Trainee: 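Quick one: the structure is below, and I'll ask about it shortly.
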Amino acid sequence: LTLAVVLPRRNLTYPWAWPRVGPAVSLAAAAVNSRRDLLPGFTVRWVFGDSEDRHGVCSEMAAPLVAVDLWLAHRPAAFLGPGCVYSAAPVARFTGHWQLPLVTAGAEAHGFDDKSEEFGLTTRAGPSHRKLGELGVQLHRRFNWTRRALLVYWDEAAGDRPYYFAAEGLYVQLPTLRNLTVMDVVFRDGGNFSFIIQEIKAKGR
């Protein structure tokens, strides 16, 4: 029984990087294999594919390519990873097409909540930004914030955009409160902070 692992090989800025997760995968496989009653007639093994590009960051191109290679070469029963949003999305679409489960500690974006079609076989073992949005809704109810919400976040249209996707969870969930206006202000490194402050003053009240 083969488990295909698609994770960053070296970059330790990711909590799901292989040097962090690899020992746990090895221990889990050994523990399952030592219990013949768990999967009688099967031996669990894993194969690894690197989701990093040549710069050492998660890649929406490298991850699906290596996933296809692993599927063709090993016909795995399940996939572990990727964790990064833009890497996980295409791999999850492939695994859904292959009717294989994908388990990830990442893929926090709101879009992965849709289990009706492409992400139906994706299981997230970590936190999701939908839950952050639901927390925001509960805080608004608790403190009776009923008129306006302003989301201010840093974003660059590069990399895995963690702040954008975190804000998305709030942006999608907060409008479930009746008559609440949700607005957003995006800023970038080196941006005009005076303008941002004026935007906050104008939109946040």
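What you see below is based on every heavy atom in this structure, not just the backbone, and it leaves out hydrogens, waters and symmetry mates. The structure displayed is predicted, hence computed values, not measured ones.
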Trainee: Minimum heavy-atom separation for P8 and P19, please, with both atom names.
Mentor: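 Heavy atoms only, the tightest pair is O-CD, 4.2 Å.
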Trainee: Hey, does the side chain of H97 reach the backbone of R93 with a donor-acceptor pair shorter than 3.5 angstrom?
Mentor: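 Not a single qualifying donor-acceptor pair exists.
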Trainee: State yes or no: do L100 and V66 share one hydrophobic cluster built from I, L, V, M, F, W and Y residues joined by side-chain heavy-atom distances below 4.5 Å, directly or via other members?
Mentor: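 Cluster IDs for L100 and V66 match.
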Trainee: Do side-chain atoms of E117 reach the backbone of D114 as a donor and acceptor pair under 3.5 angstrom?
Mentor: no
Trainee: If you measure from NE2 on H140 to CH2 on W145, what distance do you get to the nearest 0.5 Å?
Mentor: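 Rounded to the nearest 0.5 Å, the NE2-CH2 separation comes to 6.5 Å.
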Trainee: Tell me if the NZ atom of K115 is crowded by more than 12 foreign heavy atoms within 6.0 Å.
Mentor: yes
Trainee: Give a yes/no verdict on a cation-pi contact between R75 and W71, requiring under 6.0 Å between NZ or CZ and the six-membered ring centre and an angle within 45° of the axis.
Mentor: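 Yes, a cation-pi geometry.
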Trainee: Say whether, by atom type as modelled, one donor and one acceptor occur between the side chain of R142 and the main chain of Q138 under 3.5 angstrom.
Mentor: no
Trainee: When the aromatic ring centroids of F165 and F112 are compared, is their separation below 6.0 Å?
Mentor: no
Trainee: Please report, to 0.1 Å, the donor-acceptor pairs under 3.5 Å made by any side chain of residues 37-50, with sequence neighbours excluded.
Mentor:
unit_1: D37; atom_1: OD1; unit_2: R35; atom_2: NE; d: 3.0
unit_1: D37; atom_1: OD2; unit_2: R35; atom_2: NH2; d: 2.9
unit_1: R45; atom_1: NE; unit_2: T2; atom_2: OG1; d: 3.1
unit_1: R45; atom_1: NH2; unit_2: H74; atom_2: ND1; d: 3.3
unit_1: D50; atom_1: OD1; unit_2: R9; atom_2: N; d: 3.0
unit_1: D50; atom_1: OD1; unit_2: E52; atom_2: N; d: 2.9

Trainee: Could you go through the side-chain contact (heavy atoms from CB on, under 4.5 Å) check for V85 and E108 one step at a time?
Mentor: CA-CA 7 Å; V85 170; E108 310 98 322; 3.8 Å; yes
Trainee: In terms of hydrophobic clustering (I, L, V, M, F, W, Y; side-chain heavy atoms under 4.5 Å; direct or indirect links), are L121 and F94 co-clustered?
Mentor: no
Trainee: What closest approach, in Å, do A31 and S34 show between heavy atoms, and which atom pair accounts for it?
Mentor: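 Closest approach of A31 to S34, heavy atoms only: O-OG, 2.7 Å.
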Trainee: Side chains of D53 and M61, heavy atoms from C-beta outward: is any pair under 4.5 Å?
Mentor: no
Trainee: Side chains of H129 and Q173 only: does a donor on one sit below 3.5 Å from an acceptor on the other?
Mentor: no
Trainee: Under a 3.5 Å distance rule, please check whether R130 uses its side chain to pair with a backbone N or O of G169 as donor and acceptor.
Mentor: no
Trainee: Applying side-chain contact (heavy atoms from CB on, under 4.5 Å) to L174 and L180, what does each step give before you reach the verdict?
Mentor: CA-CA 7 Å; L174 286 176; L180 180 72; 4.0 Å; yes
Trainee: What verdict does the side-chain contact (heavy atoms from CB on, under 4.5 Å) test give for L102 and T104, after you've listed the backbone C-alpha separation in whole Å, the side-chain angles of each residue and the deciding distance to 0.1 Å?
Mentor: CA-CA 7 Å; L102 182 148; T104 176; 4.0 Å; yes
Trainee: Indicate the atoms forming the closest heavy-atom contact of F119 with A89, along with that distance.
Mentor: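 Answer, listing the atom of F119 first, then A89: CE2-O, 3.8 Å.
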Trainee: Determine, step by step, whether Y14 and C84 satisfy the side-chain contact (heavy atoms from CB on, under 4.5 Å) criterion, reporting the C-alpha distance in whole Å, the side-chain angles of both residues, the deciding distance to 0.1 Å, and the verdict.
Mentor: CA-CA 8 Å; Y14 301 114; C84 299; 3.5 Å; yes
Trainee: Taking a hydrophobic cluster as the set of Ile, Leu, Val, Met, Phe, Trp and Tyr residues connected by side-chain heavy atoms closer than 4.5 Å, whether directly or through intermediates, do L3 and L1 fall within one such cluster?
Mentor: no
Trainee: Just how far is it from atom OG1 of T95 to atom CD of E118, taken to the nearest 0.5 Å?
Mentor: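 These two atoms lie 10.5 Å from each other.
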Trainee: Of all the heavy-atom pairs spanning V172 and T176, show the shortest one and how long it is.
Mentor: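 That would be O-CG2, 4.4 Å.
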Trainee: Give the minimum heavy-atom separation between S59 and P64, together with the two atoms involved.
Mentor: O-CD, 4.3 Å
Trainee: Are L70 and L72 connected in a single hydrophobic cluster, I mean Ile/Leu/Val/Met/Phe/Trp/Tyr linked by side-chain heavy atoms less than 4.5 Å apart?
Mentor: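 Yes, L72 and L70 fall within the same hydrophobic cluster.
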Trainee: Looking only at non-hydrogen atoms, find the nearest pair between L80 and L7 and report the distance.
Mentor: O-CG, 4.3 Å
Trainee: Quick check: does any side chain N or O of R20 sit under 3.5 Å from a backbone N or O of L12, one acting as donor and the other as acceptor?
Mentor: yes
